[in-house]
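Sequential numbering from 1 along the given sequence is applied to the chain's residues. All values reported here derive from a predicted model rather than from experimental measurement.
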Amino acid sequence: MAFYYAEPSHTFSEYLLIPGFTDETCIPDNVSLKTPLTRYRKGEEEPAISLNIPLVSAIMQSVSDDKLGIALAREGGISFIYGAQNIESEAEMVARVKNHKAGFVVSASNLTPDHTLKDILDLKAKNGFSTVAITEDGTANGRLLGIVSSRDYRVSRMKEDEKVATFMTPLEKLVTAPAETTLKQANDIIWDHKLNSLPIVDANGNLMYFVFRKDYASHKENPLELLDLKKRYLVGAGINSRDYAERIPALLKAGADVLCIDSSEGYSVWQERTIRWVRDHYGDSVKIGAGNVVDRDGFLYLARAGADFVKVGIGGGSICITRETKGIGRGQATAVIEVAAARDEYFRQTGIYIPICSDGGIVHDYHMTLALAMGADFLMLGRYFARFDESPSNKVMINGVYMKEYWGEGSNRARNWQRYDLGGEHRLTFEEGVDSYVTYAGSLHDNVEISLHKVKSTMCNCGVTNIPALQKNARITLVSSTSIVEGGYHDVVLRTTAQPSR
């Protein structure tokens, strides 16, 4: 007969942390969130790759492109560029992260002189940027003809069909700088000429980058940014267990620092074969993660196969319906707890520590701290990052509220069937993800800063100042449904902005 687990599986929302003793050293400024990304042997000083914050972005079309890769590496985490695209375009995204020059921004808003004021307003509503580059072909690297900023037009006095050519600031009135300009020189030019932005153009007049006045402070120092030995941002890339022999060489040539097999279920011979191919061709020089699994057996299989880290979680993502359609999965908290125990067991037996990544199930910021306390070394987030300016999806207005599009890799929109397909007729494929919206939240930097401050503050309440100490000393309690209700506001009427008349 089938095997039955004695206990039900649980989610993060069903647990709370019990405070520990807080001494004078337990303040957020003293907390380190550094954590291993890849396997290492006992006695080694540190793994080949560590994260400065325990956050990585999900391998999803609506989350992880080069723009988010740059923004997250600047904060100390890493993105895994989505693999559900052709090999060339994924490699190009990886290369753009590796070639990014800190402070030099590739233009994200571009139009031609033949566009209209309405196009300017639509573009600003879509991505929130006030500066629009006007190029000959409307691309980010076309021949620069001018710039439109918010001071170039007044909506109340102009018609929406007015051509951009009539109100843009033309090239001859712009201050520009050549390709070889350093960041320090660019900032000096900005301050000397009292500019908001400085276009960097090549010898042929093509736009290369912008340097923005508002970014000056952030360019001075990013103490947690994740860099390789050549001072380039680290970036990961998603692969599959089908075309890996062609995809992996291209991604490595582009500069990918770490790979991850993107699959809804990782306890499979195909993942073992993919890892074996990497080891046969590159040895241990190429770092590759695998998953997803939800129990001890799945972890041990991938650990023995040679995975550098293992992802944990099936069906816990906000856009994932695998549990509904297939009845496969496990509560995320229970999965992390069991896999973390298996990791520790494997470490004791072999002296090899294989980090685990909690993938899915993070709804509130405090879930991050719980996942780490339960044993996760780092967290993979999709919905969380999809809300930000830097994610690749469109920003749209829904019922008066700005939202960002967010869809699962198992949705019909993504058509990433290779992530789920086990063979058979294509007509029999079915969706395991939904197409949705998430509330727009602003910049990645601002939100990550707030979220991680909460994590650090909670760790201090637990009496610890680093993740290993949290995992060793945390005390966690399962709570009842009534306790969950008690934990929110209750038995009160919330005040609103509209006050009652007197």
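- Across all non-hydrogen atoms, the minimal contact from I319 to S436 is CG2-OG, 3.3 Å.
- Using a 3.5 Å distance cut-off with no hydrogens or angles, the side chains of N292 and K311 do pair a donor with an acceptor.
- Distance alone, capped at 3.5 Å, places no donor-acceptor pair between the S457 side chain and the H453 backbone.
- Between Y366 and K454, the closest side-chain pair of non-hydrogen atoms is not below 4.5 Å.
- Under a 3.5 Å cut-off, the side chain of N222 and the backbone N or O of E225 do not form any donor-acceptor pair.
- The closest donor-acceptor contact from the side chain of S480 to the backbone of S483 lies under 3.5 Å.
- No side-chain heavy atom of E75 sits less than 4.5 Å from a side-chain heavy atom of L224.
- Atoms CD1 and CG, from I70 and D65 in turn, are 8.5 Å apart once rounded to the nearest 0.5 Å.
- At a cut-off of 3.5 Å, with distance as the only test, a side-chain donor of S57 or S64 sits close to an acceptor on the other residue.
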Are Y5 and T334 close enough, and set up right, to give a side chain to side chain contact (heavy atoms under 4.5 Å, CB included), and what steps lead you there? CA-CA 11 Å; Y5 284 87; T334 300; over 6 Å; no
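- Side chain of H367 to backbone of V363: a donor-acceptor contact under 3.5 angstrom is found.
- Rounding to the nearest 0.5 Å gives a distance of 10.5 Å between CE of M60 and OG of S391.
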Could you walk me through whether Y346 and F299 satisfy the side chain to side chain contact (heavy atoms under 4.5 Å, CB included) test, starting with their C-alpha distance in whole Å, then the side-chain angles of each, then the deciding distance to 0.1 Å, before giving a yes or no? CA-CA 10 Å; Y346 188 81; F299 170 83; 4.1 Å; yes
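- Between the CZ atom of R330 and the OG1 atom of T11 there is a distance of 13.5 Å, given to the nearest 0.5 Å.
- More than 12 heavy atoms of other residues, nucleotides or ligands lie within 6.0 Å of CD1 in I352, so this atom counts as buried by the packing criterion.
- Side-chain atoms of V56 and L51, non-hydrogen and from C-beta on, do get closer than 4.5 Å to each other.
- Residues N196 and T131 fail the side-chain proximity criterion, which asks for heavy atoms closer than 4.5 Å.
- For T38 against I49, the heavy-atom pair with the smallest separation is OG1-N, 3.2 Å.
- Although no hydrogens or angles enter the test, the distance criterion places a donor-acceptor pair under 3.5 Å between the side chain of E338 and the main chain of R296.
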Give the C-alpha distance, both sets of side-chain angles, the deciding distance and a yes or no for salt bridge (Lys or Arg N to Asp or Glu O under 4.0 Å) between D344 and R348. CA-CA 6 Å; D344 294 344; R348 288 191 299 270; 5.4 Å; no
Go through the steps for Y353 and D377 under the test side chain to side chain donor-acceptor pair (under 3.5 Å), then give the verdict. CA-CA 11 Å; Y353 187 91; D377 295 283; 2.6 Å; yes
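- Residues F12 and M374 form a side-chain contact, since some pair of their non-hydrogen atoms from C-beta on lies under 4.5 Å apart.
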Start with the C-alpha gap between V106 and R96, add the side-chain angles, then the distance that decides, and say whether side chain to side chain contact (heavy atoms under 4.5 Å, CB included) holds. CA-CA 10 Å; V106 176; R96 283 197 288 271; 5.8 Å; no
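- A cation-pi contact links R387 to Y384, judged by a cut-off of 6.0 Å to the six-membered ring centre and 45° from its axis.
- Between the side chain of R39 and the main chain of A307, a donor-acceptor pair closer than 3.5 Å is present.
- Taking Y15 as the reference, H10 meet the ring-ring contact (aromatic ring centres under 6.0 Å, His included) condition, with sequence neighbours excluded.
- Taking CZ of R74 as the start and CG of L227 as the end, the distance is 10.5 Å to the nearest 0.5 Å.
- The two atoms that bring A373 and I476 nearest to each other are CB-CD1, 4.1 Å, heavy atoms only.
- The side-chain contact (heavy atoms from CB on, under 4.5 Å) test with L33 singles out one residue from L55, V455, N466, T465, and that residue is V455.
- Between F388 and F385, the ring-plane angle classifies as perpendicular under the 30° and 60° cut-offs.
- K404 places a side-chain N or O within 3.5 Å of a backbone atom of S393 that can act as its donor or acceptor partner.
- The line from CD1 of I53 to CG of L452 is 5.0 Å long, rounded to the nearest 0.5 Å.
- Within the 3.5 Å criterion, the main-chain N or O of R383 finds a donor-acceptor partner in the side chain of Y406.
- In terms of heavy atoms, V464 sits closest to N473 at CG1-ND2, 4.0 Å.
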Go through it in stages, so that I can follow the logic: the residues are E265 and Y267, the test is side chain to side chain contact (heavy atoms under 4.5 Å, CB included), and I'd like the CA-CA distance, side-chain angles, deciding distance and then a yes or no. CA-CA 6 Å; E265 201 279 293; Y267 189 7; 3.0 Å; yes
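- Side-chain atoms of D365 and S451 include a donor-acceptor pair closer than 3.5 Å.
- Heavy-atom neighbours of F3 CZ from other residues, nucleotides or ligands within 6.0 Å: above the threshold of 12.
- The closest side-chain heavy-atom distance from P28 to C460 is below 4.5 Å.
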Run the salt bridge (Lys or Arg N to Asp or Glu O under 4.0 Å) test on K98 and D257 for me, step by step, so that the C-alpha distance in whole Å, both residues' side-chain angles and the decisive distance to 0.1 Å come before the verdict. CA-CA 9 Å; K98 298 305 292 185; D257 298 284; 2.9 Å; yes
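- The heavy-atom pair separating V31 from M459 by the smallest distance is CG1-CE, 3.8 Å.
- For the pair V258/I288, no side-chain contact is recorded, criterion being any heavy-atom separation below 4.5 Å from C-beta on.
- Counted by atom type alone, N461 and T458 present zero donor-acceptor pairs between their side chains at under 3.5 Å.
- No side-chain donor-acceptor contact under 3.5 Å links E409 to the backbone of S263.
- Closest of all the heavy-atom pairs between I362 and A371 is CD1-CB, 4.2 Å.
- Judged purely by atom type and a 3.5 angstrom limit, R41 has no side-chain atom pairing as donor or acceptor with the backbone of P47.
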Set out, in order, the CA-CA distance, both residues' side-chain angles and the distance that settles side chain to side chain donor-acceptor pair (under 3.5 Å) for E46 and S50, then state yes or no. CA-CA 8 Å; E46 59 181 40; S50 292; 5.4 Å; no
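- The closest side-chain heavy-atom distance from T322 to I314 is below 4.5 Å.
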Decide side chain to side chain donor-acceptor pair (under 3.5 Å) for S358 and Q332; before the verdict, give the C-alpha distance in whole Å, the side-chain angles of both, and the deciding distance to 0.1 Å. CA-CA 8 Å; S358 178; Q332 187 66 10; 3.0 Å; yes
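- With rounding to the nearest 0.5 Å, the separation of CG in L234 from CD1 in I78 is 5.0 Å.
- Geometric assessment of K395 against the ring of Y402 yields a positive cation-pi assignment under the 6.0 Å and 45° thresholds.
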